[in-house]
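Here is the structure we will look at, set down as structure tokens.
As a basis for the values below, the full set of heavy atoms in this structure was taken, side chains included, without hydrogen atoms, waters or symmetry mates.
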2 protein chains.
Amino acid sequence: MKTPVTDDRLPRYQRLRDQLAHEIAMNRWRPGEAIPTEAALAQEYAISVGTVRKAVDALVSEGVLERQQGRGTFIRRPQFQSSLFRFFRFQGPGGERRVPESRILRVETVPAPSAVSQVLDLPADAPVIRMQRLRLLDAQPVLAEEIWLSQALFQPLLEVDLDREGPLLYPIYESLCGQVVASAEETLTAEAASEVHARLLHTEPGSPVVVIERLARDYARKPLEWRRSRGHARHFHYSVEIR
Amino acid sequence: MKTPVTDDRLPRYQRLRDQLAHEIAMNRWRPGEAIPTEAALAQEYAISVGTVRKAVDALVSEGVLERQQGRGTFIRRPQFQSSLFRFFRFQGPGGERRVPESRILRVETVPAPSAVSQVLDLPADAPVIRMQRLRLLDAQPVLAEEIWLSQALFQPLLEVDLDREGPLLYPIYESLCGQVVASAEETLTAEAASEVHARLLHTEPGSPVVVIERLARDYARKPLEWRRSRGHARHFHYSVEIR
DNA sequence: GAGTGGTCTAGACCACTCA
DNA sequence: GAGTGGTCTAGACCACTCA
């Protein structure tokens, strides 16, 4: 193995998986780009194609790579719209899925509150961007979001009109700031609506709202964005299969 | 392939996977039992061991089988306690996980309401067992549950003192009724507590509660139990990793 | 030491994509 | 038709379990 980033005692397919994950994290290839063919990787690392396949299989099942028969194997660009739909049902009358529009209420830079600096892995009081926005369907508010970003990484956001860039932030992070969100961890809770959130969501104070906290990371698992979203419980819906 | 239960045009490892899943559903082996060795399966189905491994790999990753190096491959007995902990945090002061105790409030047989007969795949008005129970920690109610079962399958439950059998129902289903829960689908919502549920959960009417609906199935995916649980939102906590 | 699953190889042939 | 991933084989050797 050229640059050992992993334990020598592990099986070769594991070591290749770790090596590839490392190179992806280091941006050897961009999202959407193809990695070398299985035959090329087998030659590069002097192992058999079957072993390469096992390493690639692992990254495919982790959602990092995507195979296309006859074309190649590609760095997967995560589809984060879908995560919205895993938790909330935003459906039109015909059942089709709709991306809620976005209205930015406020953007400001502040010293990071300690909870934020901890979760984003920043020094205490590091400057952070705080964004408040509302997501709407048919002009009805469905989600109130509070978004925290390191100012050092996301400075360019302060210099554009975000409402003009469309409802999805992650493509903007990538094009404007070169930051790629690769995975995220979400935590769900429920609470009674505060005065402020009741006003934002056009509901009664005390009525049940669902709260989703999300920590988004890049391929190197460095935290990029922390987000807290609140939505009407009556839009909320989440299913899992357990075994 | 001896008994074709699957499409001939699929790859052999897929066909073997389907065949094994079918035989597991038909109770060829009981939970905890070993299936034949990879070599034996290769001979039985006249395919190579590598192909058998791929079929077994699929069932392992689906959570149906469990490998133990040097010992064999076994029918996995699902650990359903853990599902409770995926959604609610019931932790003692030291952070250890505790199974809430169970208090059965009521057991009765009724004609199935249409929602229940549909979801359990029973004829309209088929007799069903309806069970109400409370889960408690330190004598504090944490979950209110409503459980529906086909009377035809679960008749023996009516003849024992369920509160004496311990807090977990699925082992009882297996020992008393021979029904094995293999997987379940859970759907989460939140709502404001009704008068009844507020009283059961010792909380205020209107305060936020989390509602979990669960449909539990056997290995053949036949619905066995439908359950609706309500708990305090303040105990609620759920995390997912998304990509 | 016999029997199990775990890793790895080298190679054949198929299915699909794209110029 | 060249190049890609997808399936499948037969077999070697390793790691672990258990009597």
Using a 3.5 Å limit on both pairing distances, list the dot-bracket string of DNA chain D from the 5' end; Watson-Crick and G-U wobble pairs count, crossing pairs take [ ], interstrand pairs take |.
-> ||||||||||||||||||.
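Note that OH of Y45(B) and CD of Q19(B) are 4.5 Å apart. Values are rounded to the nearest 0.5 Å.
A search for side-chain hydrogen bond (donor to acceptor under 3.5 Å, both in side chains) contacts involving Q118(A) returns nothing, not counting sequence neighbours. The salt bridge (charged side-chain N to carboxylate O under 4.0 Å, His left out) search around D57(B) returns R67(B), not counting sequence neighbours. Residues meeting the salt bridge (charged side-chain N to carboxylate O under 4.0 Å, His left out) test with E33(A), sequence neighbours left out: none. Under the salt bridge (charged side-chain N to carboxylate O under 4.0 Å, His left out) criterion, R30(B) pairs with no residue, sequence neighbours left out. Looking at residues two or more places apart in sequence or on another chain, you find a side-chain contact (heavy atoms from CB on, under 4.5 Å) between A182(A) and Y219(A). For the salt bridge (charged side-chain N to carboxylate O under 4.0 Å, His left out) test, residues two or more places apart in sequence or in another chain that qualify with E62(A) are R17(A). Under the side-chain contact (heavy atoms from CB on, under 4.5 Å) criterion, E66(A) pairs with R76(A), not counting sequence neighbours.
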What nitrogen or oxygen pairs link the protein and nucleotides 12-19 of chain C at under 3.5 Å?
{"unit_1": "dA15(C)", "atom_1": "N3", "unit_2": "Q69(A)", "atom_2": "NE2", "d": "3.2"}
{"unit_1": "dC18(C)", "atom_1": "OP1", "unit_2": "R71(A)", "atom_2": "NE", "d": "3.1"}
{"unit_1": "dC18(C)", "atom_1": "OP1", "unit_2": "R71(A)", "atom_2": "NH1", "d": "2.9"}

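L149(A) and L224(A) make their closest contact through CD2-O, 3.7 Å (heavy atoms, listed as atom of the first residue, atom of the second, distance).
With dT7(C), dG5(D), dG5(C) as the candidates, the nucleotide lying closest to the side chain of T73(B) is dG5(C).
Residues T187(B) and E213(B) have side chains that never bring a donor and an acceptor to within less than 3.5 angstrom of each other. Side chains of R135(A) and S102(A): a donor-acceptor N/O pair is absent below 3.5 angstrom, by distance only.
Between L16(B) atom CG and dC8(D) atom C1' there is a gap of 13 Å when expressed in whole angstrom units. Put simply, CD on E66(A) is 15 Å from C1' on dT4(D), counting in whole angstrom units. Separating the CZ atom of R15(A) from the P atom of dT7(C) is a distance of 13 Å, rounded to the nearest angstrom.
Against DNA chain D, the stretch residues 35-43 of chain A makes heavy-atom approaches under 4.0 Å through T37(A), E38(A). Near DNA chain C, meaning a heavy atom under 4.0 Å from it, residues 48-60 of chain A has S48(A), T51(A), K54(A) in order of number.
The list of ring pair (Phe, Tyr, Trp, His ring centres under 6.0 Å) pairs with a residue in residues 160-181 of chain B, not counting sequence neighbours, reads F80(B)-Y170(B), F154(B)-Y173(B), Y170(B)-Y173(B).
Of the candidates R221(A), R217(A), R214(A), E241(B) forms a salt bridge (Lys or Arg N to Asp or Glu O under 4.0 Å) with just one, namely R221(A).
Applying the 4.0 Å criterion to OP1 and OP2 of dT9(D), one finds that R12(B) has a side-chain N or O inside that range.
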